[in-house]
Amino acid sequence: MHEKFLKPYNPEESEKAIYKIWEDSGFFNPDVCVEKGVTRSDAEPFSVIMPPPNANGSLHAGHALFVTLQDVMTRVARMQGKRTLWFPGADHAGFETQVVYEKKLQKEGRSRFGMEPKDLYKEILDFTLSNKSFMEGQLRSLGASCDWSRELFTLDERVVHTVHDTFKKLDDDGLLYRGARTVNWCPKHQTSLSNLETEHEERTEPFYYFQYGPFVIGTSRPETKFGDKYVVMHPDDTRYAEYTHGQKIDLEWINGPITATVIKDVAGDPEMGSGVMTITPWHSGIDFEVAKRHNLDYEQIINWQGKLLPIAGEFEGMSIKEAREKIVEKLEKKGLLVKIDTTYKHTVPVCYKCAREIEPQIRQQWFVTMKPLADRALKALADGEFRILTEQHEKIFRHWLTGIEDWNISRQIVWGIPIPAKICAKCDAGYVDLTNSIVTCTACGGEVVKDPDTFDTWFSSGQWPYVTLGFPDGDDFKTYYPTTVMETAADIIFFWVARMVMFGLYRTGKVPFRDVYLHGLVRDKHGKKMSKSKGNVTAPTEISEKYGTDALRMGLLIGNTAGTDMNLDPDKINAYKKFANKIWNISRFVLNAVADAGLDLTHALQKEDTILLSEVQELARDVTTDVEKYRLYIAGEKLYHYTWHRFADEVLEESKQILQGDDESLKKSRVRTLYEALIIQLKLLHPFMPFVTEEIWQALPERETGLLMVAKWPKE
RNA sequence: GGGCGGUUAGCUCAGUUGGUAGAGCGUUCCCUUGACGUGGGAAAGGUCACAGGUUCGAAUCCUGUACCGCCCACCA
């Protein structure tokens, strides 16, 4: 017996070396598997595209969870002889990374504003690339058996090329437009954001009622009211029947007398306050819609930095907070303040990164018309072209797509894929221009310049499955698309999953994946969300150094149902560290028995031993079914149970008598049985706990393959 | 405002197609020489939130209630 078994299993000693053997073998690459005869060239393909981790920091527990889930699926498929591809990537993560980098700049007393875009881009690129290799190292340490030879970065030429083509195709198909529309503007980050990139905070803020000529209007935002010269009410509101649409009314307002115009529009809700409102189209989407319907003027009141513009008169240059109080004071002095409701509760949109209030602003942006894309995706789901394994997520998915709105895909940041377009310096019209050939604006004759904006990262990420596989004519695309399963975090179901489905169908005519497995959030042991500010973040690399990667993987997997959040408890991980050691000692026992009694794999089996082996084979059937039905947690638990509480606690204990007895035939039969049962268990356990099982495999006296990683799965 | 979940042992959670409940940790007791003390054996502990219903039978299906949570959302 190998002398390494004289000590307890030490993950730290074996993991790095084991991973190197795997990687050097080339078997992560399905082409190598075919070349070396491990996989048949006509074998059924199995493919998983890895959600590319952001190359802007360390891996977190959620990454460890996805690596575990995807690696289990991948390793099982590979051992089953399928042509198995797990495609890795790294995400430049546009806005996310730029925010991370801006924080770094701030620490150094610098700011992105005032930097040359080119210089900023170069700095972020260097930063990202160095993080990228760090992140790849961490994926390796988690045991990810992905094909590194294919790895793709989201800014690689191939990606940019395809993304630009999609942009052009959307334009050709009339699904793209550039328009002045209300966007979510973050005054800190100086960019527009998609709806999904805003969060909503409930606030209790004063709600003011002002006298506006003969009307009383209510608002929580007095600072936007300077330009309000339209007063809107519902056409059927009998209280205001005496006023007619278009009627002019002179009245005293914040900075003196103005003339207001009556607008009858269904946007006026008779149930709300007095049923009368004034509108600020530049800073409210609803108001903008009203203005558009009636072709009304609109004017910017608040600048891009969140300060009041000259239209505010004496309040010019003030911040919103400062101006709000002073305006109310002034209106009160003028006798126009009717009352203040201090119990008013409402929600305000905030930037998901900095929590600053979003200022709705009108801005020329690129938008994608989503409805046709969404309808096609919904049809694909209804027709069963793909399925979402968790029912609740399928409902959520359907609900979101049913009410989808157009998508603002342009961002005012440098870190991202440039939008291949020209915009008119004079009238802001935009032209899709992949070949950089447009020189004048057809609308106004003005000069056009390169659009400085970049794409929302998700615009490119949404195309990841077919981009990675080399759409339209790459071999991988032909072999592996649509992919078998998309495994990713449930919280990006809209950001990513929905977009992949829509884009996949749009560009390739096929869904990008057959099954969608969504995992929940990894929380701390008390169920609290991990966050840097709370200081409860557990780095997976630390856990795996302390307990071993196999233990970490089992701890993340078992007891975790698809789609639900889980808590990461070190005590639980430790239990699986013990399990790794248990497997180690079981192997030691079996190898001792082999050394003592000799191993004859052709020796006739006792009836009892046949039964024992059939028991393990039944386990193999169970585990295989569970894995194929994506019940990985159950598979893991069954293995744990069988190996420890049946095989170790009972079978090995009972075997001691036989092994110590003097019936050589019984002994030989039992040793063969134990050995074969061990082999099966190692194989079954390998996808879950790859390191310890491979380490043991390497010490087996008789084994069918050099590497357990490509051994034959014990059940077809 | 709309949508989706959860409520099972002291704690954190499983429970695959309905057949009177399981894991890890914790607690109590016992076991020190040959696989493993990172161990072995045993035990305590649950009216499966509540109320109805379907069923021979419900933690599991249906309806309602209570509490907790998550997501989406431009209501002045």
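Order of the sequence lines sets the chain letters (A, B, ...), proteins ahead of strands, with each chain counted from 1.
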[Y] backbone acceptor or donor facing [X] side chain under 3.5 Å:
X: H283(A); Y: I302(A); value: yes
X: Y212(A); Y: V231(A); value: no
X: K225(A); Y: I279(A); value: no

Exercise for review: Using a 4.0 Å cut-off on protein heavy atoms (strictly under), produce a 5'-to-3' string for nucleotides 27-45 of chain B with B for base contact, S for backbone-only sugar-phosphate contact, and - for none.
Suggested key: --------BB-BSSS----
Is the phosphate of [N], meaning OP1 or OP2, less than 4.0 Å from a side-chain N or O of [X]?
X: N574(A); N: G24(B); value: no
X: H346(A); N: A76(B); value: yes
X: Y344(A); N: A76(B); value: yes
X: T219(A); N: A76(B); value: no

Nucleotide opposite [N] in a Watson-Crick or G-U pair, distances under 3.5 Å:
N: A49(B); result: U65(B)
N: C70(B); result: G3(B)
N: A44(B); result: none
N: U54(B); result: none
N: U17(B); result: none
N: A23(B); result: U12(B)

Check your understanding: Aromatic rings F210(A) and Y208(A): how do their planes relate, parallel, tilted or perpendicular, breaks at 30° and 60°?
Key -> parallel
Exercise for review: For the residue pair W282(A) and Y298(A), categorise the inter-ring angle as parallel (less than 30°), tilted (30 to 60°) or perpendicular (more than 60°).
Suggested key: tilted
Review point. Between E205(A) and R221(A), is the closest basic N to carboxylate O distance under 4.0 Å?
Key: no
Review point. Salt bridge or not for E654(A) and K656(A), using N-O below 4.0 Å?
Key: no
Check your understanding: Of the residues in residues 352-366 of chain A, which ones touch RNA chain B at a heavy-atom distance under 4.0 Å?
Key -> none
Revision key, fill the gap. Only residue of F589(A), F691(A), Y9(A) satisfying ring pair (Phe, Tyr, Trp, His ring centres under 6.0 Å) with W584(A) is Y9(A)
Review point. Are F579(A) and Y640(A) side-chain neighbours, meaning at least one heavy-atom pair lies under 4.5 Å?
Key: yes
